[in-house]
Amino acid sequence: LEHMARHDVLTGLPNRRAFQERLELAIARAQRSGEQFALFFIDVDNFKSINDNFGHPGGDAVLKIVALRLVATTRKVDAIARLGGDEFVVLLENPAHRDDVIQIAEKLLDSVRSPILHQGKELQVGFSIGISLFPDDGHTATDLMARADRAMYDAKNAGRNGFRFSNGKTRPTRPTPL
């Protein structure tokens, strides 16, 4: 019952509740140690059209494969969760530079470039990713989630299948510490 209360039934990933706890722990640890981390808010682009064209079974198949690809692309120390619908989050623990965050964002985008097969048809999906950084973009889970969520919408508005930092940048001019 505890596992079911803390994990998404469809994907097996931790759910919003479990992720919120992990994020709070990461904030407490980072405040004590001076470490930094990045929070990725991910939305599957054009997911509604997949559901409309292939029904919930098609949408569910896409979400399961997206979850598998997120797990395969991130490190074991990072936390991944499905918040609901087509929204996922990744907590990237202790990256050394902003370029490390960019590299992971690009890997995540690459992970969904391969088509997903469903009932003999190739479904093409992409991600819009919003990124907030601790401590630069906030000191609370609420602030970090809100900033990453807004940045995700900026990525969508910029054409989808991309990422934005909460400060509006996509790429720094040179490697800089977070």
Side-chain angles (χ1 to χ4, degrees), residues 6-8 10-30 35-48 50-51 59 62-75 77-95 97-113 125-172 178:
R6 299 173 52 75
H7 289 81
D8 176 58
L10 180 66
T11 64
L13 292 175
N15 62 18
R16 180 183 297 269
R17 176 181 166 203
F19 184 79
Q20 188 72 24
E21 292 171 6
R22 176 79 184 262
L23 181 56
E24 295 288 351
L25 287 172
I27 290 169
R29 185 173 43 253
E35 292 178 356
Q36 301 156 342
F37 64 84
L39 175 67
F40 291 41
F41 198 106
I42 302 169
D43 191 76
V44 179
D45 291 333
N46 301 313
F47 184 73
K48 184 180 179 329
I50 291 170
N51 260 345
V62 166
L63 293 173
K64 288 177 187 177
I65 292 171
V66 163
L68 291 172
R69 290 181 181 180
L70 287 172
V71 169
T73 305
T74 55
R75 304 169 303 174
V77 297
D78 301 325
I80 306 161
R82 179 176 174 220
L83 297 183
D86 62 329
E87 294 180 335
F88 296 85
V89 285
V90 174
L91 176 64
L92 183 62
E93 298 267 2
N94 203 23
H97 296 281
R98 189 178 288 241
D99 277 352
D100 297 328
V101 176
I102 290 170
Q103 184 179 10
I104 296 297
E106 288 173 345
K107 283 182 181 180
L108 291 173
L109 292 170
D110 286 342
S111 77
V112 292
R113 286 208 173 96
V125 299
F127 286 154
S128 290
I129 304 173
I131 304 169
S132 63
L133 305 172
F134 178 90
D136 298 350
D137 296 324
H139 295 278
T140 68
T142 301
D143 290 344
L144 293 167
M145 289 287 284
R147 299 282 304 266
D149 185 36
R150 269 181 285 183
M152 182 271 300
Y153 279 103
D154 291 344
K156 280 198 176 296
N157 292 333
R160 302 178 190 267
N161 201 31
F163 64 92
R164 290 284 184 273
F165 285 88
S166 66
N167 64 7
K169 293 183 181 176
T170 56
R171 184 175 308 279
L178 294 174

Side chain to side chain contact (heavy atoms under 4.5 Å, CB included) for F134 and L23? Distances and angles first, verdict last. CA-CA 11 Å; F134 178 90; L23 181 56; over 6 Å; no
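- Taking CE from M145 and CG from L39, the interatomic distance works out to 6.0 Å, rounded to the nearest 0.5 Å.
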Please walk me through it: do S128 and D43 pass side-chain hydrogen bond (donor to acceptor under 3.5 Å, both in side chains)? CA-CA 5 Å; S128 290; D43 191 76; 5.9 Å; no
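- For the pair N161/R113, a side-chain contact is recorded, criterion being any heavy-atom separation below 4.5 Å from C-beta on.
- Inter-residue side-chain proximity for F163 and L108 is flagged as unmet; no heavy-atom pair is nearer than 4.5 Å.
- Ion pairing between R164 and D154 fails under the 4.0 Å rule for side-chain N and carboxylate O.
- Counting only distance, with no hydrogens or angles, the side chain of R75 and the backbone of E93 share a donor-acceptor pair below 3.5 Å.
- The CE atom of M152 sits 9.5 Å away from the CZ atom of R160 when rounded to the nearest 0.5 Å.
- Annotation for V101 and A38: closest pair CG2-CB, 3.9 Å, computed over non-hydrogen atoms.
- For the atom pair L92 CG and D78 CG, the distance stands at 4.5 Å (nearest 0.5 Å).
- Using a 4.5 Å heavy-atom cutoff, the side chains of F37 and L144 are in contact.
- Side-chain atoms of Q36 and P135, non-hydrogen and from C-beta on, do get closer than 4.5 Å to each other.
- Although no hydrogens or angles enter the test, the distance criterion places a donor-acceptor pair under 3.5 Å between the side chain of R69 and the main chain of S111.
- Rounding to the nearest 0.5 Å places CZ of F41 at 13.0 Å from CD1 of I131.
- Partner I42 forms a side-chain contact (heavy atoms from CB on, under 4.5 Å) with one of L70, L83, L109, V89 and no other, that one being L70.
- By the 4.5 Å heavy-atom criterion applied to side chains, L13 and V71 are counted as neighbours.
- Judged by distance alone, with hydrogens and angles left aside, the side-chain atoms of N51 form no donor-acceptor pair with the main-chain N or O of K48 at under 3.5 Å.
- Contact between A105 and I129 at its shortest, heavy atoms only, is O-CD1, 4.0 Å.
- When all heavy atoms are compared, the tightest approach of I27 to A141 is CD1-N, 3.3 Å.
- Of all heavy-atom pairs between T11 and L63, the closest is CG2-O, 3.8 Å.
- R147 is linked by a side-chain contact (heavy atoms from CB on, under 4.5 Å) to S132, D137, R150, S166, counting only residues two or more places apart in sequence or in another chain.
- Scanning both residues, F19 and A81, for their nearest heavy atoms gives CB-CB, 3.5 Å.
- Closest heavy-atom contact between A155 and G162: CB-O, 3.8 Å.
- Between R17 atom CZ and Q20 atom CD the span is 11.5 Å, to the nearest 0.5 Å.
- Contact of the L133 side chain with the R98 side chain is registered, since non-hydrogen atoms from C-beta on lie closer than 4.5 Å.
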